[in-house]
Chemist: 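Mind looking over this structure? Questions follow.
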Amino acid sequence: MADQTFDVVVIGAGPGGYVAAIRAAQLGLSVACIERENLGGICLNWGCIPTKALLRSAEVYHHMENAKSFGLSADKFSFDLDAVVKRSRGVAKQMNGGIKSLFKKNKVTSIMGEAKIVAKGKVSVKGEKGEQTVTGKNIIVATGARARELPGLEADGDLVWTYRHALVPPRMPKKLLVIGSGAIGIEFASFYNTFGADTTVVEVMDRVLPVEDKEVSAFAKKQFEKQGMKIREKTTVVKLDRQKGKVIAHLEHGGKTETEEFDTVISAVGIVGNVEGIGLEEMGVKIDRTHVVTDEYCRTGVDGIFAIGDIAGAPWLAHKASHEGVMVAELIAGEKPHPIKPNSIAGCTYCQPQVASVGLTEEKAKEAGYELKVGKFPFIGNGKAVAMGEAEGFVKTVFDAKTGELLGAHMVGAEVTEMIQGYVIGRTLETTEEELMNTVFPHPTMSEMMHESVLAAYGRALHI
């Protein structure tokens, strides 16, 4: 095939990659985006979007189970796992098709195949139609990450699953072990537990959702246990004995090991960057623990090569990757974008109850030496939450007592993944407590709890 030359070549069409390609094209640059598997990457096809579709089905099922509390009758209801999964895959397919349309609209050249940087500004692509060389003045690597697999705990797709297997399950688990209580693990635990699986979550750290505020983690744990989950903290899965139709898990806690039988295991113990086979190290790009080392503008240190998204390190979030894609595209086009501020990127977990946060936890803020003003407001004090039947949860805000800077915000409860953006905007605008106090929040809304939490930090809460 004839060689093609572009201003920008993007390797990987996940959220960061396809957004980088589109933004670069909008800025008048010629762009090629190379993808080996699915447009939209893991997020649209095997991550964020299809899992949310599954969790929505679980949420509706949960409401059906509790219909009586709303004065409704839903005595005869059930679920069809195949149909739930089919809907989820349909949503992913729809989003994938949307990327194709966006590429066409913005005149981005889409190339399917395996990419490797073979020389400065040159990328070899092996695809179904043979091999070609694509030349680009700038190369953006956005190859994402995959599930980490620990020795002895490797997935087989039958008894032991990664997130991919859990998205298209061969069966409904009866007794499920989830290894890891980060966002991926706890979301799948929430999904399968809602549909009746006897679910145990094992976490090596001292609490579930270990990156969240301690109060949020403790509250979420109580809610999970109330729903029937078994939570085992400070526990390590040291071995899995696979037998016909079952797995014997060896669980170590406090120096003692015991065994327990499960029919299904989901391993959610983190991710590793897809850095192999791209030619990065041969080009002099530095890699540290499967992630590319970059500066605040996602420059790798090798002229003309950038790395964005999961491959460039934490936080491993699709919205962070997308924003990096925009930033790098604008940088290449000669504009002067602002660098990413990791502490102003929200984290969202779509379990039940939902968890969302941005900035420093109370503990981290204290460790950093801040004098604090901390406010907390419970869902039970909010009229909209009570009317919705969602009175469990709270909103917590952390301020610098000296300057009024919003250092962090932490939420647990219904719809908090939608509300957190208000605090994200506040941090971006460098808002203080005064602006938040003087903002008029609409009534009745759950967002009023955000206002009350700010007021509570200064002893001015009105409804508790």
Chemist: Give a yes-or-no answer on whether the side chains of Asn66 and Ser69 include a donor-acceptor pair shorter than 3.5 Å.
Modeler: no

Chemist: If you draw a 6.0 Å radius around NE2 in His338, do more than 12 non-hydrogen atoms from other residues or ligands fall strictly inside?
Modeler: no

Chemist: Tell me whether the centres of the aromatic rings in Tyr297 and Phe306 are closer together than 6.0 Å.
Modeler: no

Chemist: Cut-off 3.5 Å, no hydrogens considered: what does the side-chain donor-acceptor table look like for residues 414-425, sequence neighbours left out?
Modeler:
unit_1 : atom_1 : unit_2 : atom_2 : d
Thr417 : OG1    : Gln354 : OE1    : 2.7
Tyr423 : OH     : Met450 : O      : 2.7

Chemist: Using only heavy-atom distances, determine whether the side chains of Glu212 and Ser357 contain a donor-acceptor pair under 3.5 Å.
Modeler: yes

Chemist: Provide the full list of salt bridge (charged side-chain N to carboxylate O under 4.0 Å, His left out) pairs with a residue in residues 194-207, sequence neighbours left out, each pair given once.
Modeler: Asp198-Lys230

Chemist: Ion pair present between Glu448 and Lys384, side-chain N to carboxylate O less than 4.0 angstrom?
Modeler: no

Chemist: Look at Glu37 together with Arg164 and state whether they make a salt bridge at an N to O cut-off of under 4.0 Å.
Modeler: yes

Chemist: Taking CZ in Arg299 as the centre, count heavy atoms belonging to other residues, nucleotides or ligands within less than 6.0 Å. Is the count above 12?
Modeler: yes

Chemist: I'd like to know if Lys366 pairs up with Glu362 as an ion pair, taking the criterion as any Lys NZ or Arg NE/NH1/NH2 lying under 4.0 Å from an Asp or Glu carboxylate oxygen.
Modeler: yes

Chemist: Could you name each residue pair satisfying salt bridge (charged side-chain N to carboxylate O under 4.0 Å, His left out) that touches residues 61-71, not counting sequence neighbours?
Modeler: none

Chemist: Is the closest side-chain heavy-atom distance between Leu240 and His250 below 4.5 Å?
Modeler: no

Chemist: Holding to side chain to side chain contact (heavy atoms under 4.5 Å, CB included), I want the full list of residues that pass it with Lys221, two or more places apart in sequence or in another chain.
Modeler: Val208, Glu225, Ile231, Glu233

Chemist: Report yes if the side chains of Phe224 and Ile186 come closer than 4.5 Å at any heavy-atom pair, otherwise no.
Modeler: yes

Chemist: Pair up each side-chain donor or acceptor in residues 40-52 with any protein partner under 3.5 Å, not counting sequence neighbours, and list the distances.
Modeler:
unit_1 : atom_1 : unit_2 : atom_2 : d
Asn45  : ND2    : Leu39  : O      : 2.9
Asn45  : ND2    : Gly41  : O      : 2.8
Thr51  : OG1    : Gly47  : O      : 2.8
Thr51  : OG1    : Cys48  : O      : 3.0
Lys52  : NZ     : Cys48  : O      : 3.2
Lys52  : NZ     : Glu187 : OE1    : 3.2

Chemist: With Lys376 as the cation and Phe394 as the aromatic partner, state whether NZ or CZ is under 6.0 Å from the six-membered ring centre and within 45° of the axis.
Modeler: yes

Chemist: For the pair Phe195 and Phe79, name the ring-plane relationship: parallel under 30°, tilted 30 to 60°, perpendicular over 60°.
Modeler: tilted

Chemist: Answer with yes or no whether the side chains of Ser453 and Thr397 bring together a donor and an acceptor at under 3.5 Å.
Modeler: yes

Chemist: With a 4.0 Å cut-off on N to O distance, would you call Lys175 and Glu261 a salt bridge?
Modeler: no

Chemist: Tell me, which pairs form a salt bridge (charged side-chain N to carboxylate O under 4.0 Å, His left out) where one or both residues lie in residues 143-156, sequence neighbours left out?
Modeler: Arg146-Glu276, Asp156-Arg242

Chemist: Looking at Met388, I want to see if its CE is surrounded by more than 12 non-hydrogen atoms of other residues, nucleotides or ligands under 6.0 Å.
Modeler: yes

Chemist: Tell me if the centroids of the rings in Tyr61 and Phe77 come within less than 6.0 Å of each other.
Modeler: yes

